[in-house]
Structures are given as C-alpha cells and as structure tokens.
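Okay, structure first, notes after.
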Amino acid sequence: MTKRIWQGRVDSTRRSVVMQGFLASAGAVLASAPAARAFDLPRPAKLRDADNGIETSGRGSLRAHAEARGLLIGCAVNMSLLEQQPSYGRVIAEQFNVVVGENCMKWAALRPTSTTFDFKQADALVAFAEEHKLKVRGHNLCWHENLPKWFAATATKENARQLLTDHIHTVAGRYKGRIHSWDVVNEAIWIKDGRSDGMRVSPWLELIGPEYVEIAFRAARDADPTAILTYNDYGLEYDTPDELAKRAAVLSLIERLQAAGAPLQAVGIQSHLRTGDIASLGDGVHDFIKKLHKRRLDSFITEMDVNDDGLSEEDVTQQDRDVATVYKHYLQEVLKEQSVKAVLTWGLADQQSWLQAEKERPKHPERAQRPLLLGVSDGVYSPKPAFYATRSALDEAKRR
Ligand code: XIL
C-alpha cells in the first residue's frame with residue numbers, strides 16, 4: 001500500500017484511511033525534485049536543503065524573500081491542524097508574514113445561532129498571528145456559501161439587512177485595528193445567473209437586492225476604519241470568453257460602488273488555477289490589475305493553488321513540474337504590477353488542500369492532487385518545486 005500511495009494515488013472508496021496513509025508515508029514528497037529536507041526542526045529552525053545546499057528557512061524563507069520586495073506572502077490556515085500539529089504553526093510562522101483563516105471567520109463557523117457568536121477559532125487565529133508577527137486577512141463577511149443551517153429559515157426580506165450589518169459590526173468590530181484586509185464581499189458575480197449586471201442570484205441579493213454589496217462595505221468601514229476593504233472573487237485569471245466577461249462584470253460592479261462612494265480599496269483575485277492552458281493565463285489578468293490600479297485599487301492574490309486533475313501523466317515528478325510552471329508563469333505576470341501587494345496560497349501543504357475532495361478530482365479520482373508549495377509527511381514539511389518557483393518569482397518582482 002505504501003508504494004501505491006507513494007505514487008500519489010488515492011482510493012476514493014477508502015479515502016480517509018488512504019489519505020492518512022498518504023500523509024504518513026515517508027517520501028511522498030521527497031519524490032519531487034529538487035529533493036529537500038524537512039521544515040520540522042526545533043526553533044530556531046535552520047533549514048538547509050540537504051541535496052542542493054539551498055537554504056529554505058531564515059534568509060531563505062519565502063517570508064524573507066517577500067519582505068525584501070515589500071510583499072506579503074501567506075497561506076490559508078486550518079485551525080484543527082494549527083491546534084493539533086506543532087510543526088504546522090512553526091512552518092507557517094517561519095515561511096509567511098500573513099495568514100487567512102480557511103474557514104474560521106466564515107458565517108458557519110462564527111454563528112452557531114442567529115443571536116450568538118462563537119469566536120473561539122477566529123480568536124485563536126488572530127492570537128497565533130500576533131504572537132508570530134503575521135498579518136491577518138479576514139475572510140469573509142458576506143458570501144452566498146457557508147451560511148449556517150439556521151440562515152434559510154431565519155433570514156427574511158425584513159430582517160436580512162439588519163442581520164448582515166449586525167454581523168459585520170460585531171465581527172469586524174471585534175478585530176478592529178488588527179486585520180490587514182477584510183474580504184467584505186466574496187464571489188458576488190456569476191454571469192450564468194443571467195442578470196444584466198452579472199450579479200449572482202445569492203440569498204443576499206434575493207433578500208436585500210444588489211445594494212447589499214454597498215451596505216456590507218459601509219458596515220465594514222464603520223466597524224474597522226483601518227482594514228483594507230476588499231472585494232474577492234474567482235474566475236478572473238484566464239483569457240477565455242467567460243473569464244473576460246467576468247472581469248468586465250467585476251469592473252462594472254466596482255465602478256458602481258465607487259460612484260456611490262462605497263469604501264472599497266482592493267480586489268482579491270482568488271487564483272484557483274490549473275495545469276495546462278498556460279498560454280491563456282496572464283495577459284487578461286494583467287490588464288485587469290492595471291485597470292484596478294487606475295481606479296486606485298490594490299490587488300491581492302488571495303487563494304492560489306493549481307489543480308492538476310487534468311494532467312494525463314501518472315507521474316508525481318511531472319505533476320510537480322507542471323504545477324511549479326504555473327506558479328512561476330502566473331506570479332511573474334501579476335507581480336509585474338506594483339499594485340499587487342500580497343500572494344496567499346489556499347492551504348499549506350498538498351495533503352491538506354481542499355482540492356483533495358473527490359468532487360475536485362473528477363478526471364483522476366484515484367490520484368491525489370499536488371497543488372501547493374509544500375508537501376507533508378508525518379508532520380514533516382518539505383518544499384516542492386512550486387516553492388522554489390514562487391520564491392524566484394518574488395525575487396524578480398520590483399520593490400513595493
Ligand atoms: C473552501 C475551504 O477550503 C473548504 O475547506 C470549505 O469546505 C469550503 O470553502 N473560494 C473561497 C474559499 O473563497 O472560502 C473556499 O474555501 C474555496 C473557494
């Protein structure tokens with residue numbers, strides 16, 4: 001079984017068992033090139049790549065390379081792992097200067113009932129970040145997904161506006177002055193819903209109307225005068241007709257918000273990418289970032305990962321090479337613009353990625369994805385080719 005897992009295969013019928021084995025199988029990550037040594041060393045972590053002498057901690061960390069360019073580099077944090085695995089937090093603290101909760105600041109996590117809040121995990125994230133001098137991105141205050149179970153039965157046209165503004169005042173107010181940037185509204189554009197303004201027919205839109213976006217931004221500004229207020233979305237990265245239309249719809253939404261005087265300061269480009277299609281990745285998003293800058297908006301790469309389900313080769317070395325190529329190409333392109341201030345990946349290590357869910361692997365349900373910068377085995381983290389690709393893209397960026 002170890003060998004099969006070592007090759008990166010997942011038995012979908014026994015996924016959890018096999019994924020644990022995958023996590024535990026020594027060498028799962030060392031199969032990738034360049035081979036590298038572990039991150040899980042006692043502090044101060046002195047990490048040196050055993051085989052090629054490349055230092056990947058301290059001066060060699062992503063954090064050091066990003067800071068030399070005035071950039072933020074980070075990842076989404078899974079609170080269970082942060083609580084349970086000491087090396088997880090150590091690696092994050094060493095490699096990054098910004099974090100975002102993968103789920104802990106979403107409605108479903110914060111709102112056990114319509115009248116109560118549970119801040120345990122969100123508080124733990126902020127405390128961890130402050131202890132290690134990491135900035136925190138808040139994700140998110142308003143989204144059509146991840147709403148608590150009680151929401152559908154409780155929210156009405158009469159109370160939805162109050163529900164939204166109370167939530168934002170309470171959550172953004174609690175962390176006032178301690179959040180680098182809030183994703184105030186997430187994924188409000190969905191062209192396929194057929195509206196002329198491109199807006200997604202979400203519970204918020206249906207209950208409040210399209211002005212819910214502006215309402216959310218104003219509430220966030222009232223609650224926290226210093227956080228950078230961000231609109232975050234996906235499907236903005238490729239030069240396809242769909243994504244061209246989505247970029248245009250996001251720009252129109254932004255124009256409307258700015259015309260109304262809404263306090264919007266940045267756009268989060270999620271950047272859930274895929275292997276292949278590299279030729280259609282770069283020009284459109286670059287142009288989009290320039291247009292945002294003309295509107296005095298910064299851009300953040302907020303949720304980067306590379307889905308390799310489409311790759312036909314059954315070879316982890318090839319998976320890692322193709323994934324790294326996408327990181328390098330994309331980051332070189334977007335970092336040309338100095339208004340791009342932050343790059344975050346959606347998770348720390350491959351084995352912990354949301355892309356391991358079966359629905360994200362329709363073409364190769366038997367194969368694990370390798371979408372991130374690191375791999376982990378037995379709590380021991382190793383840099384992958386995508387780590388080095390990212391680091392060298394940071395090095396090429398102009399100083400912010
Ligand atoms: C995902 C998380 O990674 C999963 O653990 C969760 O089950 C669903 O949400 N766009 C977003 C993120 O803005 O919040 C999503 O995160 C991934 C897509």
Side-chain angles (χ1 to χ4, degrees), residues 16 20 23 74-155 162-186 203 216 219-220 222-224 226-230 232 268 302-303 344-349 351-354 356-357 376 379:
S16 61
Q20 280 165 21
L23 283 162
C75 76
V77 175
N78 171 321
M79 292 311 292
S80 314
L81 284 167
L82 187 64
E83 276 154 31
Q84 288 158 23
Q85 189 189 67
S87 55
Y88 184 77
R90 281 208 291 278
V91 172
I92 290 172
E94 176 175 88
Q95 292 298 325
F96 300 123
N97 53 15
V98 61
V99 286
V100 59
E102 182 171 1
N103 290 302
C104 69
M105 289 194 184
K106 295 175 183 171
W107 274 67
L110 293 177
R111 304 301 304 274
T113 73
S114 62
T115 51
T116 57
F117 290 79
D118 177 355
F119 287 111
K120 199 165 151 283
Q121 292 206 325
D123 282 357
L125 176 71
V126 174
F128 164 77
E130 289 178 349
E131 184 187 340
H132 296 285
K133 303 200 165 33
L134 311 169
K135 293 190 191 301
V136 182
R137 299 205 69 250
H139 176 82
N140 54 58
L141 295 169
C142 178
W143 190 24
H144 63 284
E145 277 188 35
N146 227 273
L147 289 164
K149 289 208 176 69
W150 54 260
F151 187 88
T154 309
Q162 194 70 43
L163 204 55
L164 179 64
T165 52
D166 284 352
H167 178 87
I168 294 177
H169 285 147
T170 306
V171 177
R174 184 178 185 86
Y175 302 111
K176 178 180 169 176
R178 299 159 75 192
I179 299 290
H180 165 267
S181 49
W182 267 112
D183 289 334
V184 179
V185 174
N186 199 31
D222 287 347
D224 185 342
T226 56
I228 300 169
L229 303 186
T230 307
N232 193 50
T302 50
E303 306 185 13
L344 292 93
T345 59
W346 204 243
L348 179 63
Q351 293 79 357
Q352 303 153 349
S353 164
W354 73 305
Q356 304 302 359
V376 60

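Keep in mind that this is a model prediction, so the values were computed, not measured. Below, all heavy atoms of this structure are taken into account, side chains as well, without hydrogens, waters or symmetry copies.
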A side-chain contact here means heavy atoms from C-beta on lying under 4.5 Å apart; do [X] and [Y] qualify?
X	Y	answer
I92	L134	yes
V91	F96	no
R178	V136	no
F119	V126	no
V100	T302	no
N186	E145	no

Can you list the steps and then say if N140 with N232 is a side-chain contact (heavy atoms from CB on, under 4.5 Å)? CA-CA 9 Å; N140 54 58; N232 193 50; over 6 Å; no
Smallest separation among heavy atoms of [X] and [Y], with atom names:
X	Y	value
A109	C104	CB-O, 3.7 Å
A76	W346	CB-CE3, 3.4 Å
L141	A220	CD1-CB, 4.1 Å
D224	Y175	OD2-O, 3.9 Å
A129	V99	CB-CG2, 3.9 Å
D166	T170	O-OG1, 2.7 Å

Under the side-chain contact (heavy atoms from CB on, under 4.5 Å) test against L110, which residue among D118, T116, V171 passes?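 Only one option passes, and that is V171.
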Output the distance between atom [atom1] ([X]) and atom [atom2] ([Y]), rounded to the nearest 0.5 Å.
X	Y	atom1	atom2	result
L163	S114	CG	OG	7.5 Å
I228	W182	CD1	CH2	14.0 Å
E102	L125	CD	CG	11.5 Å
R111	T113	CZ	OG1	7.0 Å
D183	E303	CG	CD	7.0 Å
Q352	N78	CD	CG	7.0 Å

Is it true that a side-chain atom of R137 and a backbone atom of I179 form a donor plus acceptor pair closer than 3.5 Å?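 Answer holds: no.
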Backbone of A219 reached by a side-chain donor or acceptor of T165 within 3.5 Å: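 Side chain of T165 to backbone of A219, a donor-acceptor pair under 3.5 Å: no, none is there.
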Before you tell me yes or no, could you show the steps for Q121 and E83 under side-chain contact (heavy atoms from CB on, under 4.5 Å), namely the whole-Å CA-CA distance, both residues' side-chain angles and the distance that decides it to 0.1 Å? CA-CA 10 Å; Q121 292 206 325; E83 276 154 31; 4.0 Å; yes
Apply side-chain contact (heavy atoms from CB on, under 4.5 Å) to residues D222 and H169 and explain how you reach the verdict. CA-CA 7 Å; D222 287 347; H169 285 147; 3.7 Å; yes
Starting from the C-alpha separation in whole Å, work towards a yes-or-no answer on side-chain contact (heavy atoms from CB on, under 4.5 Å) for L82 and Y88. CA-CA 6 Å; L82 187 64; Y88 184 77; 4.0 Å; yes
